[in-house]
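Positions are given from 1, in the same order as the sequence printed here.
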Amino acid sequence: MKKNIYLLLPAVATVLLTGCGKQKALVAENFAVSPTPLEYVAGEVPATISINVPAKVVNKKAVIACTPVLKWKGNAATGETFTLQGEKVEANNTIISYKNGGHATMRFCVPFQEGMEKSELFMQFNARKGDKVIDMPSVKIGYGIQCTAALVTKTASTANLGVAPDNFQRLITKKQEAAVKFLIGQANLRGSELNSQNVKDFISTLQNIKSDEESLVLNNIEISAYASPDGAYALNEKLAEKRGEVSEGYVNKQLKLNQLDTNVDTKYTAEDWEGFQELVSQSNLQDKDLIIRVLSMYQDPEQREQEIRNIAVVYKELADAVLPELRRARMVINYDVIGRSDEAIMKLFDEDAEKLSVEELVYAANILAETDDKKEAILKKTVSLYPSDYRAFSNLGELALRRGDIDNAQFYLRKALSLNPAAPEANANLGMIAIQNGQFKDAEMYISKGVNANNFDEALGHLYIAQGKYNQAAAKMSKSANNSAALATILSQDYADAQKILSNIKNPDAMTYYLKAILAARMEKKDEVKTNLAKAIELDPKLADRAANDAEFSDYK
């Protein structure tokens, strides 16, 4: 008798679920998940779930709460619940017509966790009709997670990093200027002017050039003599010319005393209206705008002077404060500073590094060091000699990061930021470390401060991959030939470009071959999938487990 009762129970349940006016079960065919398989995007697993409910499924008084749950290896991640309701339910959920059925769209998104690669997406239900709970079994609606974009945390370890630049110049053009002023209507050099500090510096520069002719090369000396724009033009012209001759004579005397020979190029300006306008513009004169307007209205020198004299109150101030500054001669030494040769720099580093400038040391580390060990030695000497310069610390961080020594890289890069919070290369490289650690918010903060770093575009490309902006990532990495650039182009589905990048990688590693296998799978090249996976696993056996669970290879098990 009991056996017969048990046999009747499924039939009763079926009547309850499917009878006229009763609530029917939703089945897998009622759901469509996009994408399928699921995909990792920006640290999350997002999807759009379309619900297509046929007619006569949802009872007019039923409420069905649909909850997507991703399950893997004994773990579960639950998405937000979406609720459907019948026509006679008084609530604010999506209404499904009993007679016609209906359509709804829900969003699913959970944070990505390691192990989710091999997972299944289920829809669970909590259904009721009034106070009565309706049993509705869960259904499988999706599977797997394509985690190719997550590889950015791996490919970032072989990316191009930012190196703080040196400012070393082998040839530096320099000037040393002196100015002497004359009394009104005179052209003789006064002792007070020749004893001024700027003239002393002028003479000292000539002496230095003579004493270090290997490093300092005298090109020429320029003299510009002027008269102020008051008085007759013809008189001012003769006065300016005389001042130039006197100044040239003084310069030639100094050249002879220092046993130097060079061209002395002298010119004169009869009335220095340009200098006059500049000084007036910089002054606190009450009517300076009026004076400047007069200069623009009249081009004739004598008419200009007369119009300015007509502004009686201002002219007295001009005569006292501005005009005396224009009765002058400028003497300019043009010379070159010749830096040490590469051989001399490296020799001096080995013999007496303290004699090298910080620019020479950073240059030696960046350009001349033939091995990373030599680079490290130069940079460590630099930080000991010039501890306030952030660049050596930043570049020690770059070197450590390239070696995979994350702890030391962070130490040096943070030290660089303590000296210069805006240091672009240190910020960009700390952003790359954050990418490797999956800390994408930190990466965004650091990389945004690394705009002027020489690896900024590539760092930003990594961030774009992490954010799911694959086309932008590929554009930013268009000049790179490494695993990350290949990953960006694969994700942006530019497979032809991805092939070119992968073939141009100079030192392919396990990840290079793994990316080649992914590309081959997407292009349905079965033999290349097998060949490249085998090579990748040979170089890094840990990739075998990843490949076994990788949705990219679901058709090649």
Side-chain angles (χ1 to χ4, degrees), residues 43 111-115 150-166 358 361-362 364-366 369 371-450 452-456 458-463 465-466 480 482-484 487 507 509-512 539-543 545-546:
F112 176 79
Q113 299 178 44
E114 289 294 331
L151 289 174
V152 69
T153 62
K154 311 296 183 185
T155 62
S157 63
T158 56
N160 293 314
L161 301 172
V163 177
D166 62 89
V358 65
L361 285 166
V362 177
N366 285 353
T371 66
D372 281 347
D373 287 343
K374 188 65 173 180
K375 173 180 281 197
E376 184 176 27
I378 296 171
L379 290 172
K380 285 186 174 180
K381 174 60 73 173
T382 307
V383 300
S384 69
L385 295 175
Y386 302 96
S388 62
D389 195 299
Y390 83 90
R391 292 173 298 171
F393 287 104
S394 182
N395 289 349
L396 279 168
E398 182 272 341
L399 182 59
L401 183 54
R402 199 153 34 81
R403 289 172 168 171
D405 186 352
I406 301 296
D407 290 340
N408 269 323
Q410 289 180 317
F411 169 79
Y412 285 123
L413 293 171
R414 286 169 179 163
K415 177 63 177 177
L417 290 186
S418 72
L419 296 170
N420 179 9
E425 299 80 18
N427 275 302
N429 289 342
L430 281 168
M432 294 301 294
I433 292 175
I435 292 283
Q436 292 184 48
N437 292 335
Q439 299 165 335
F440 301 144
K441 291 294 183 183
D442 289 346
E444 183 176 6
M445 176 192 70
Y446 283 121
I447 292 172
S448 68
K449 298 177 182 178
N452 294 319
N454 46 28
N455 70 323
F456 175 71
E458 189 160 311
L460 186 57
H462 282 81
L463 182 61
I465 293 175
S480 301
N482 54 31
N483 291 338
S484 296
L487 175 62
N507 299 302
D509 58 12
M511 186 53 62
T512 309
L539 294 173
D540 183 1
K542 294 179 182 178
L543 288 175
D545 288 338
R546 180 183 179 88

Q.
According to salt bridge (Lys or Arg N to Asp or Glu O under 4.0 Å), does anything in residues 376-386 pair up with another residue at least two apart or in another chain? List the pairs.
A. E376-K380, E376-R403

Q) What closest approach, in Å, do S484 and H462 show between heavy atoms, and which atom pair accounts for it? A) OG-NE2, 2.5 Å

Q.
To the nearest 0.5 Å, what is the distance between CG on N429 and CG on N160?
A. 10.5 Å

Q: Kindly determine whether S480 and E458 satisfy side-chain hydrogen bond (donor to acceptor under 3.5 Å, both in side chains), including the steps that lead there.
A: CA-CA 8 Å; S480 301; E458 189 160 311; 2.5 Å; yes

(Q) If you compare all heavy atoms of F440 against all heavy atoms of L463, which two are closest, and at what distance to 0.1 Å? (A) O-CD1, 4.0 Å

**Q.** Partners meeting side-chain hydrogen bond (donor to acceptor under 3.5 Å, both in side chains) with D166 (sequence neighbours left out)
**A.** none

(Q) Quick check on side-chain hydrogen bond (donor to acceptor under 3.5 Å, both in side chains): which of N507, T158, N483, N482 does T512 satisfy it with? (A) N483

Q. Does NZ belonging to K375 count more than 12 external heavy atoms closer than 6.0 Å?
A. yes

Q: Could you tell me whether the side chain of N455 and the main chain of E425 form a donor-acceptor pair under 3.5 Å?
A: no

(Q) How close do I447 and A428 get, counting heavy atoms only, and between which atoms? (A) CG1-O, 4.4 Å

Let me have the donor-acceptor pairs involving side chains of residues 408-421, under 3.5 Å, with sequence neighbours excluded, atom names and distances please.
from, atom 1, to, atom 2, distance (Å)
N408, ND2, D405, OD2, 2.7
S418, OG, K415, O, 2.5
N420, OD1, A422, N, 3.2

Q) Please walk me through it: do N427 and F456 pass side chain to side chain contact (heavy atoms under 4.5 Å, CB included)? A) CA-CA 10 Å; N427 275 302; F456 175 71; over 6 Å; no

Q: State whether the side chain of N366 and the backbone N or O of A164 hold a donor-acceptor pair below 3.5 Å, judged by distance alone.
A: yes

Q | Closest non-hydrogen atom pair between L487 and L151, with its separation | A | CD2-C, 3.9 Å

(Q) To the closest 0.5 Å, what do you measure between CG (D373) and CD1 (I378)? (A) 11.0 Å

Q) CD of E398 to CG of L379: how many Å apart, nearest 0.5 Å? A) 9.0 Å

Q | Side chain to side chain, T153 and N437, heavy atoms closer than 4.5 Å | A | no

(Q) Would you compute the distance between atom CG of L460 and atom CD1 of I465 and round it to the nearest 0.5 angstrom? (A) 10.5 Å

Q.
Can you give me the closest heavy-atom contact between I435 and V152, atom names plus distance?
A. CG2-O, 3.9 Å

Q: Could you tell me which non-hydrogen atom of A459 sits nearest to which non-hydrogen atom of M432, and how far apart they are?
A: CA-SD, 3.7 Å

Q) Can you check side chain to side chain contact (heavy atoms under 4.5 Å, CB included) on T382 and V358, steps first, answer last? A) CA-CA 7 Å; T382 307; V358 65; 4.1 Å; yes

